[in-house]
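Remember, it's a predicted structure, so these values are computed and weren't measured experimentally.
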Amino acid sequence: MMSRWFHVWILSAVLVAVCGSASAAQKDTAAKAKPKGAANPAMAKIEDRPGLPRVLLIGDSISIGYTLPVRELLRDKANVHRIPTNGGPTIHGLANLNTWLGDSKWDVIHFNWGLHDLKYIGPDKENLADPELPTSHPQVPLADYEQNLRDLVSQLKATGAALIWCDTTPVPQGAAGRVAGDEVKYNTAAARVMKDAAIPTNDLHAHATLKLRDIQLPANVHFSDSGSKYLAEKVAAAIESQLPKCQTVP
């Protein structure tokens, strides 16, 4: 009897070990197959609905935050696309704009650069360097920023789309790698470019300032979800004002 139960125990132990090993292998395979992180739905390509005008959003993480609510607000009014990445500084825009525009026809392009231009970098291109260090400097100096915008605007105007410049949103006290108020200088430079090019401005800076304490994260250039929705209302309204009046879908 002891021998019989002993063999049963041995067999059970082997089965448990084998099953456990198989389960561990399955988990390991699943872990390897699992993507490292879920894609941001704002970056997802959208299928155009026939009869609706095509809109392109160009901008940094602030624009990424308001992409989905803008798309929802303009549902049935426009196909709202965005560039598939963070727009970064103007130097990044100059290197990638042709690719972002592609060969498609755009009816409206809502665009911004600024927060990544004015941020400070270190001597070895360290990101978000301390602005008070003598070795730190803005990623794109103000004069270069203005010239870069002129070059970008020239390319954008060639698309034939209605263009809307979006002012850079506020930089608060304590935001890493940036100086509060620098966005005002960059917006002033941008205003000269847009005036010369007769491009209307969506003053998202002023709009954000109205409720800044409620919508912006502490010591951070980014916004809460409700803040992004608040910005989206202004962006959607600016875009809608430029949409072709003859194109609607019931």
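Nearest heavy-atom pair across His116 and Gly88 is CB-C, 3.5 Å. The minimum heavy-atom distance linking Ile215 with Gly227 is given by the pair CB-CA, 3.5 Å. In terms of heavy-atom proximity, Asn86 sits nearest to His92 at O-CD2, 3.6 Å. Ile46 approaches Val80 most closely through the heavy-atom pair CD1-O, 3.2 Å. Between Ala42 and Arg71 the shortest heavy-atom distance is O-NH2, 4.0 Å. Scanning all heavy atoms of the two residues, the minimum distance from Ala129 to Ser136 falls at CB-OG, 3.4 Å.
The number of heavy-atom neighbours closer than 6.0 Å to CZ of Arg150, taken from other residues, nucleotides and ligands shown, is above 12. Crowding of Asp225 atom CG: a count of heavy atoms from other residues, nucleotides or ligands under 6.0 Å not exceeding 12.
Once rounded to the nearest 0.5 Å, the distance linking CD of Glu146 with CG of Asp117 reads 12.0 Å. The distance from the OG1 atom of Thr168 to the CG atom of Asp203 is 10.5 Å, given to the nearest 0.5 Å. Lys229 NZ to Leu68 CG: the interatomic distance, rounded to the nearest 0.5 Å, is 10.0 Å. From Ile91, atom CD1 reaches atom CG of Asn148 across 7.5 Å, with rounding to the nearest 0.5 Å. A distance of 5.0 Å separates CG of Asn79 from CG of Leu52, quoted to the nearest 0.5 Å. Atom CH2 of Trp100 and atom CD1 of Ile109 lie 12.0 Å apart (nearest 0.5 Å).
The shortest distance between side-chain heavy atoms of Asp107 and Val55 does not fall below 4.5 Å. Side-chain contact between Trp165 and Leu204 is absent, with no heavy-atom pair separated by less than 4.5 Å. Using a 4.5 Å heavy-atom cutoff, the side chains of Lys119 and Asn127 are in contact. Residues Arg178 and Pro131 have side chains not in contact (no heavy-atom distance under 4.5 Å, counting atoms from C-beta outward). Leu57 has its side chain within reach of Ile239: a pair of non-hydrogen atoms, C-beta onward, lies under 4.5 Å apart. For the pair Arg192 and Leu149, the minimum side-chain heavy-atom distance is 4.5 Å or more. In this structure the side chain of Asp76 reaches within 4.5 angstrom of the side chain of Arg49, judged on heavy atoms. When side chains are defined from C-beta on, Ile58 counts as touching Leu97, because their heavy atoms get closer than 4.5 Å.
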Step by step, would you call Leu56 with His110 a side-chain contact (heavy atoms from CB on, under 4.5 Å)?
CA-CA 6 Å; Leu56 179 63; His110 182 278; over 6 Å; no
Take Val179 and Tyr120 through the side-chain contact (heavy atoms from CB on, under 4.5 Å) test and state the conclusion after the steps.
CA-CA 9 Å; Val179 175; Tyr120 279 71; 3.8 Å; yes
Go through the steps for Thr169 and Val221 under the test side-chain contact (heavy atoms from CB on, under 4.5 Å), then give the verdict.
CA-CA 8 Å; Thr169 48; Val221 296; 6.0 Å; no
What do the steps show when you test Leu94 against Leu152 for side-chain contact (heavy atoms from CB on, under 4.5 Å), and what is the final call?
CA-CA 6 Å; Leu94 288 170; Leu152 288 163; 3.6 Å; yes
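Put simply, Leu118 and Val193 are part of the same group of oily side chains (I, L, V, M, F, W, Y) that touch within less than 4.5 Å, one to the next. Linking ILVMFWY side-chain heavy atoms closer than 4.5 Å, directly or via other members, places Trp113 and Ile121 in two distinct hydrophobic clusters. Tyr230 and Ile64 fall into different hydrophobic clusters, where Ile, Leu, Val, Met, Phe, Trp and Tyr are joined by side-chain heavy atoms under 4.5 Å apart, directly or via other members. Placement of Leu210 and Val171 within a single hydrophobic cluster is found when ILVMFWY residues are connected by side-chain heavy-atom separations under 4.5 Å, directly or transitively. One hydrophobic cluster holds both Leu142 and Val140 under the rule that ILVMFWY side chains link at heavy-atom gaps under 4.5 Å.
Judged by distance alone, the side chain of Asp60 and the main-chain N or O of Ile62 form a donor-acceptor pair under 3.5 Å. At distances below 3.5 Å, at least one donor-acceptor pair connects side-chain atoms of Lys157 with backbone N or O atoms of Ala197. Glu183 places a side-chain N or O within 3.5 Å of a backbone atom of Gly181 that can act as its donor or acceptor partner.
Between His205 and Asn187, the side chains place no donor N or O within less than 3.5 Å of an acceptor N or O (distance only, hydrogens not considered). When only modelled atom types and interatomic distance are considered, Gln216 and Asn220 share no side-chain donor-acceptor pair under 3.5 Å.
Aromatic ring pairs are classed by plane angle as parallel below 30°, tilted from 30° to 60° and perpendicular above 60°; the pair His81 and Trp106 is perpendicular.
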